[in-house]
Chemist: 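One structure, pasted below without further comment.
Per chain, numbering begins at 1; letters A, B, ... match sequence-line order.
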Amino acid sequence: MKIYNTLTRQKEEFVPIEEGKVRMYVCGPTVYNYIHIGNARPMIMFDTVRRYFEYKGYEVNYVSNFTDVDDKIIKAAIEEGTDAHTISQRYIEECKKDMEAMNIKPATCNPLATREIDGMIRMISTLIEKGHAYAAEDGTVYFRTRSFKEYGKLSHKNLDDLQAGHREIKVTGDSTKEDDFDFVLWKPKKEGEPFWKSPWCDGRPGWHIECSVMAKHYLGDEIDIHAGGEDLIFPHHENEIAQSECCNDKTFARYWMHNGFLNIDNKKMSKSLGNFFTVREISEKYDLQVLRFFMLSAHYRSPLNFSAELMEASKNGLERILTAVERVREKAEKASGEMTDQEKSVIDQDMAALVRKYEEAMEDDFNTADAVSAIFELVKLMNTAVTDKSSGAFDRTLLEEVEKLCDILGIITEKKEELLDADIEEMIARRQEARKAKNFALADQIRDELAAKGILLKDTREGVKWTKA
RNA sequence: GGCGUCGUAGCCAAGUGGUAAGGCAAUGGUCUGCAACACCAGUAUCCGCCGGUUCAAAUCCGGCCGACGCCUCCA
């Protein structure tokens, strides 16, 4: 399996630290509001990575944090006249609902920054002892960036270039720093802010130290994969490496994976541009499976543009897959019989080739766009090869394979059991009678009425089917 | 100023040296009472532009144009 490693800027063969196991850390959201669709991209893509590893038989320890103390959370709390804890708890719960609707598997562990303060204090103390950090007079603790020789290895920057190429390295009058590039590990509390006691001052941790500590706590000093959005490469991930490697004297993460940004109209999504969507907003219009499928349509490292048209296209494409699976599932339930030689050859040749295509795509740095195309080709195979005459064994073999491959991508093929109101059931029955009597005018009229209520009918060989608009 | 990414049909998107996957949309046909689904058919002589390397390039090299990202909180 090949993974593109930001550290080396190359695809590398994945070799786990521990045979058969994957230790993976994904930077999670800061919970000060509903998550936006940009937050959803790493969640969906790295969940897919995890699913593929599990499919290959790995045991994955998947850790993803919630940053629950931060300026934005505090600001939101002040605006609402409540406390930071209330805000973060609320949005963690809402975030989990969104994740479930996107069929993202719960992480092995979702650590909270505020529950890991002791570990942070320990790590900061160690860094100070080793000379990699220092406390200023006001109690702020800084990391001594230049003390880590490899600083910049992930983002491929070097401090002197940054200094030379400085575009107004303004760094507000932080005169207590020894160097402009030093960053905060611990900062003093301000009036009304949550704080914890520490050897340096009452205060709270800097953002970067949180992830280093949580990764160490739940995954150990060395991890296999560390992932997140590409904007985190610098400075967040760079700083994590500095902290962790200076503290533990071990390589922090072997593989660094970063997803590209989700754009709107080719522009970065931002509140100021007014092109900002929360996952919750999208869920009002679409099943979030559609959002997931949309994200899978591009490689995770490419920028991806979001628009209503593309969501429509994704919805239709997903529908094609789901319709085909549904039809075969119903047919397979009834069909019996062993495979003919010809069917065996379709399975061994055609289906096997597509499964291979799918796996090769996934093993090549998780090329989900290609993997999806293999599923479409499998759908075509099902649509043509599963007929009245095909054997039950054949139908089920194809069905199970497609279900399995969809599941790796997190696409749910099982249709949710939904019930209709009695009056709608009655209308459908009346329309069937009208059709039997060849009273098509009445039948069409009823169909239009149902459509107005958001119920779309299809007459199939297996009977009347309905879907919600 | 430094470091990067991208430019493939109307749209999305894979392909990164051997002669253009897949999907959406649109068109014609088959099926269907009609519609929907499904199937069949054709659909980029060509991969931003200009040069170069090679038997062979969308794929490698150079230049240009265009879009974008990071360097500051940010998925």
Chemist: When the nearest nucleotide of RNA chain B is assigned to A/G317 and to A/S373 on a heavy-atom basis, which residue is associated with the more 5' position?
Modeler: A/S373

Chemist: Counting N and O atoms only, with roles assigned by atom type, does the side chain of A/D224 sit under 3.5 Å from a partner on the main chain of A/R23, one being a donor and the other an acceptor?
Modeler: yes

Chemist: Could you tell me how far B/C11 sits from B/G52 if I compare only their P atoms? Round to whole Å.
Modeler: 30 Å

Chemist: Who are the ring pair (Phe, Tyr, Trp, His ring centres under 6.0 Å) partners of A/Y55, not counting sequence neighbours?
Modeler: A/Y52

Chemist: Under a 3.5 Å cut-off for both distances, is B/C49 Watson-Crick or wobble paired, and to whom?
Modeler: B/G63

Chemist: When the P atoms of B/C64 and B/U72 are considered, how many whole Å apart are they?
Modeler: 28 Å

Chemist: In the strands shown, is B/G1 matched to any nucleotide by a Watson-Crick or G-U wobble pair with both distances under 3.5 Å, and which?
Modeler: B/C71

Chemist: Tell me what A/F261 touches on the nucleic acid: a base, only sugar-phosphate, or nothing, going by heavy atoms under 4.0 Å.
Modeler: base

Chemist: For A/F234, enumerate each residue passing the ring pair (Phe, Tyr, Trp, His ring centres under 6.0 Å) test, keeping only those at least two apart in sequence or located in another chain.
Modeler: none

Chemist: Below 4.0 angstrom, which residues in residues 349-369 of chain A have at least one non-hydrogen atom near RNA chain B?
Modeler: A/K357, A/N367, A/A369

Chemist: So, OP1 or OP2 of B/C68: does either fall under 4.0 Å of a side-chain N or O from A/N263?
Modeler: no

Chemist: Calculate, to the nearest 0.5 Å, the distance between atoms CZ and NZ belonging to A/F394 and A/K389 respectively.
Modeler: 13.5 Å

Chemist: Looking only at atom P, what distance separates B/U32 and B/C46, rounded to whole Å?
Modeler: 42 Å

Chemist: A/E210 has an atom CD; how far is it from atom C1' of B/C73, in whole Å?
Modeler: 13 Å

Chemist: With a 3.5 angstrom cut-off on both distances, give the Watson-Crick or G-U wobble partner of B/G17, or none if there isn't one.
Modeler: none

Chemist: Between B/U72 atom C1' and A/N239 atom CG, what is the distance in whole Å?
Modeler: 12 Å

Chemist: Looking at A/E94 and A/R280, is there a salt bridge between them, counting it only when a charged N and a carboxylate O are closer than 4.0 Å?
Modeler: yes

Chemist: Both distances under 3.5 Å, Watson-Crick or G-U wobble: report the partner of B/C34, or none.
Modeler: none

Chemist: Looking at CE of A/M214 and CG of A/L219, how far apart are the two atoms once the value is rounded to the nearest 0.5 Å?
Modeler: 11.5 Å

Chemist: Cation over ring, A/R146 on A/Y151, under 6.0 Å and within 45°?
Modeler: no

Chemist: Which part of the nucleic acid, if any, lies within contact of A/G38, taking any heavy atom under 4.0 Å across all strands shown: a base, the sugar-phosphate backbone alone, or nothing?
Modeler: base

Chemist: Between B/C68 and B/G29, how far is it from one P atom to the other, in whole Å?
Modeler: 44 Å

Chemist: side-chain hydrogen bond (donor to acceptor under 3.5 Å, both in side chains) with A/Q432: which residues, sequence neighbours excluded?
Modeler: A/R435

Chemist: Among B/A21, B/C24, B/C11, which nucleotide has an atom closest to any side-chain atom of A/N316?
Modeler: B/C24

Chemist: Say we look at B/C47 and B/U59: how far apart would their C1' atoms be, to the nearest angstrom?
Modeler: 10 Å

Chemist: Using a 4.0 Å heavy-atom cut-off, does A/N259 contact any base of the nucleic acid, only the sugar-phosphate backbone, or nothing at all?
Modeler: base

Chemist: Mind checking side-chain hydrogen bond (donor to acceptor under 3.5 Å, both in side chains) for A/S307 and listing every partner two or more places apart, or none if nothing turns up?
Modeler: none

Chemist: For B/A44, which nucleotide is its Watson-Crick or G-U wobble mate, given both distances must be under 3.5 Å?
Modeler: none

Chemist: Roughly how far apart, to the nearest Å, are B/G15 and B/G23 at atom C1'?
Modeler: 15 Å

Chemist: What's A/H36 touching, base or sugar-phosphate or nothing? Going by heavy atoms closer than 4.0 Å.
Modeler: base

Chemist: Produce a footprint string for nucleotides 3-10 of chain B: one letter per nucleotide, 5' end first; B if the base is under 4.0 Å from any protein heavy atom, S if only the sugar-phosphate is, - if neither.
Modeler: SS------

Chemist: Mind checking side-chain hydrogen bond (donor to acceptor under 3.5 Å, both in side chains) for A/E100 and listing every partner two or more places apart, or none if nothing turns up?
Modeler: none

Chemist: What one-letter contact string describes nucleotides 29-42 of chain B from 5' to 3', where B marks a base within less than 4.0 Å of any protein heavy atom, S marks contact via sugar-phosphate atoms alone, and - marks no contact?
Modeler: ----BBBBSSSS--

Chemist: What distance, rounded to whole Å, do you find between the two P atoms, one in B/A56 and one in B/A13?
Modeler: 32 Å

Chemist: For a quick check of understanding: with a heavy-atom distance under 4.0 Å over all strands, which category does A/L262 fall into, base, sugar-phosphate or nothing?
Modeler: base

Chemist: Distance check, C1' atoms only: B/G48 and B/C31, in whole angstrom units.
Modeler: 44 Å

Chemist: Round to the nearest Å and state the distance from A/L232 atom CG to B/C73 atom P.
Modeler: 11 Å

Chemist: Would you mind reading off the distance between A/K268 atom NZ and B/U72 atom P, rounded to a whole angstrom?
Modeler: 12 Å

Chemist: Among all residues two or more places apart in sequence or in another chain, which pass the ring pair (Phe, Tyr, Trp, His ring centres under 6.0 Å) test with A/F143?
Modeler: A/F183

Chemist: Tell me the interatomic distance from A/M311, atom CE, to B/C11, atom C1', rounded to whole angstroms.
Modeler: 16 Å

Chemist: According to ring-ring contact (aromatic ring centres under 6.0 Å, His included), does anything in residues 303-327 of chain A pair up with another residue at least two apart or in another chain? List the pairs.
Modeler: A/F277-A/F306, A/F294-A/F306

Chemist: What integer distance in Å separates A/D370:CG from B/G23:P?
Modeler: 13 Å

Chemist: Show me the pairs that pass salt bridge (charged side-chain N to carboxylate O under 4.0 Å, His left out) and involve residues 41-52 of chain A, at least two apart or across chains.
Modeler: A/D47-A/R51, A/D47-A/R292, A/R50-A/E54, A/R51-A/D407

Chemist: Can you name the residues that form a ring pair (Phe, Tyr, Trp, His ring centres under 6.0 Å) with A/H258, not counting sequence neighbours?
Modeler: A/H237

Chemist: Measure the distance from CG on A/N305 to C1' on B/C68 and round it to the nearest whole Å.
Modeler: 11 Å

Chemist: Separation of A/H237 atom NE2 from B/C71 atom C1', in whole Å?
Modeler: 16 Å

